[in-house]
There are 2 protein chains.
Amino acid sequence: MSTETLGEKLRQIREQNELPLRKVSALLDIDVAILSKMERGERKLSKEVVLKLADIYKCNPEELLVLFLSEKIMYEIQDEDLGERALKVAEKKVKYLKANKTK
Amino acid sequence: MSTETLGEKLRQIREQNELPLRKVSALLDIDVAILSKMERGERKLSKEVVLKLADIYKCNPEELLVLFLSEKIMYEIQDEDLGERALKVAEKKVKYLKANKTK
DNA sequence: CTATTTTTGACACTTAATGTCAACAATATA
DNA sequence: TATATTGTTGACATTAAGTGTCAAAAATAG
């Protein structure tokens, strides 16, 4: 499985598109330093930035968003022994909510 | 399925043990107001408090901890459409980490 | 060597989380 | 009803976390 972080993936995509941080950060309207840190995991990415980047790079936003969310989840459970059990409970809750969404 | 929050569950357990907030908060060494708010979901619970409460009420800490973690997870994915997919990715990551823990 | 790109760290600013307190409301009991 | 106990609410201060800005330094490319 891929152990690549979202930041690493975004950097890879940016390099494939041969875009310097400077240009992308201008499009995002954020400082170069922040984007650099985001790609290296030193600063947190926000949903908004992820979506804008998907737009800039013309790539599938869902894939990036899923990675983004999964990293937030991983951050919460860290190295907890009960992490897996908690994930299963959360899954049940999500399914339950989805089933009762229209109610 | 149970839609009971951790706070609600803790309140229920406390009432079953017939302990007033005052006594429990003294044991926890936190303000009564905070505990009151924690039980009603107005303040976040911490892992430490959850474990101390399990000890005070002599109940299974794992069950409470799983609920605690699952609520943190749910908070992260909120009402995201991709929440379920993200959970599955997170599960894979946890399994991967567990498999390579000793490495 | 020079220009461009990227990284690093200091700093200020903003927002979220946490603790403390006292007044108030609700409930139980004499 | 009066009193004591328990629980709730909101204001306030403090602390920690997250964010943005900038400039100097390091790395890389031409």
Side-chain angles (χ1 to χ4, degrees), chain A residues 4-57 64-65 67-80, chain B residues 4-54 56-57 64-65 67-80 86:
Chain A
E4 195 184 34
T5 67
L6 175 56
E8 286 165 353
K9 187 181 204 102
L10 289 170
R11 166 149 297 188
Q12 212 175 297
I13 296 173
R14 179 174 61 79
E15 287 172 346
Q16 280 165 8
N17 290 42
E18 294 185 54
L19 288 166
L21 284 176
R22 181 178 49 80
K23 289 197 179 177
V24 178
S25 70
L27 291 170
L28 288 172
D29 195 35
I30 65 174
D31 194 285
V32 193
I34 294 179
L35 185 56
S36 167
K37 286 170 186 170
M38 282 175 167
E39 286 186 346
R40 285 171 301 111
E42 214 179 300
R43 288 263 176 137
K44 288 187 180 173
L45 283 150
S46 68
K47 185 183 172 184
E48 290 65 38
V49 166
V50 172
L51 290 177
K52 281 190 194 172
L53 287 173
D55 193 48
I56 291 169
Y57 302 143
L64 296 180
L65 224 40
L67 192 48
F68 170 70
L69 289 172
S70 73
E71 285 189 1
K72 291 215 295 180
I73 293 168
M74 290 304 288
Y75 180 81
E76 291 304 319
I77 61 179
Q78 305 265 12
D79 53 347
E80 288 283 349
Chain B
E4 193 185 37
T5 67
L6 175 56
E8 286 166 352
K9 187 182 204 100
L10 288 171
R11 165 148 298 188
Q12 212 175 296
I13 296 173
R14 179 175 61 80
E15 287 172 345
Q16 280 166 6
N17 289 43
E18 294 184 55
L19 287 166
L21 284 176
R22 180 178 49 80
K23 288 196 180 177
V24 177
S25 70
L27 291 170
L28 288 172
D29 194 33
I30 64 174
D31 194 286
V32 192
I34 295 179
L35 185 57
S36 167
K37 286 170 186 169
M38 283 174 167
E39 286 185 346
R40 285 171 302 112
E42 212 180 301
R43 289 262 176 140
K44 287 187 182 174
L45 282 148
S46 68
K47 184 183 172 184
E48 291 63 40
V49 166
V50 173
L51 290 177
K52 280 189 193 172
L53 286 173
I56 292 170
Y57 301 144
L64 296 180
L65 224 40
L67 191 48
F68 170 69
L69 289 172
S70 74
E71 286 189 1
K72 291 215 293 179
I73 292 168
M74 290 303 289
Y75 180 81
E76 291 305 319
I77 61 179
Q78 306 264 13
D79 53 347
E80 289 284 349

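Below, chain A is the first sequence line, B the second, and so on; all start at residue 1. All values below were derived from every heavy atom in this structure, side-chain atoms included, with hydrogens, water molecules and symmetry-related copies excluded.
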Checking salt bridge (Lys or Arg N to Asp or Glu O under 4.0 Å) against Glu39(B), which of Arg14(B), Lys9(B), Lys44(B) comes through?
-> Arg14(B)
Please confirm whether the backbone N or O of Ile77(B) pairs with a side-chain atom of Glu80(B), one donor and one acceptor, at under 3.5 Å?
-> no
Answer yes or no: is there a donor N or O on one side and an acceptor on the other, between the side chain of Glu76(B) and the main chain of Glu76(A), under 3.5 Å?
-> no
Interatomic distance where CD belongs to Glu18(A) and P belongs to dT28(D) [whole Å] | 17 Å
Please write out the pairs of protein N or O atoms and N or O atoms of nucleotides 25-30 of chain C separated by less than 3.5 Å, giving the distance to one decimal.
none

CZ (Arg11(A)) and OG (Ser36(A)) are apart, to the nearest 0.5 Å, by 5.5 Å
For Leu35(A) and dT5(C), give me the distance from atom CG to atom P, rounded to whole Å.
-> 14 Å
Footprint string (nucleotides 11-27 of chain D, 5' to 3'): B base within contact, S backbone only, - free, heavy atoms under 4.0 Å | -------SBBBB-----
Would a distance-only check, ignoring hydrogens and angles, find a side-chain to backbone donor-acceptor pair under 3.5 Å from Ser25(A) to Leu21(A)?
-> yes
Could you grab the distance from atom CG of Leu53(A) to atom CG of Leu10(A), nearest 0.5 Å is fine?
-> 5.5 Å
Spatial distance of atom CG (Leu19(B)) from atom CD1 (Ile13(B)) [nearest 0.5 Å] | 11.5 Å
Neighbour count above 12 (heavy atom, 6.0 Å) for Glu18(A) CD = no
Measure the distance from CG on Leu28(B) to P on dT20(C) and round it to the nearest whole Å.
-> 13 Å
Closest heavy-atom pair, Ser70(A) versus Ala86(B), reported as atoms and distance to 0.1 Å, is CB-O, 3.6 Å
Close N/O contacts between protein and nucleotides 2-7 of chain D (under 3.5 Å):
residue	atom	partner	partner atom	Å
dT6(D)	OP1	Arg22(B)	NH2	3.1
dT6(D)	OP2	Arg22(B)	NE	2.7
dT6(D)	OP2	Arg22(B)	NH2	2.6
dG7(D)	OP1	Arg14(B)	NH1	3.0
dG7(D)	OP2	Leu21(B)	N	2.4

Smallest heavy-atom separation, Glu8(B) atom then Glu4(B) atom, equals OE1-CA, 3.5 Å
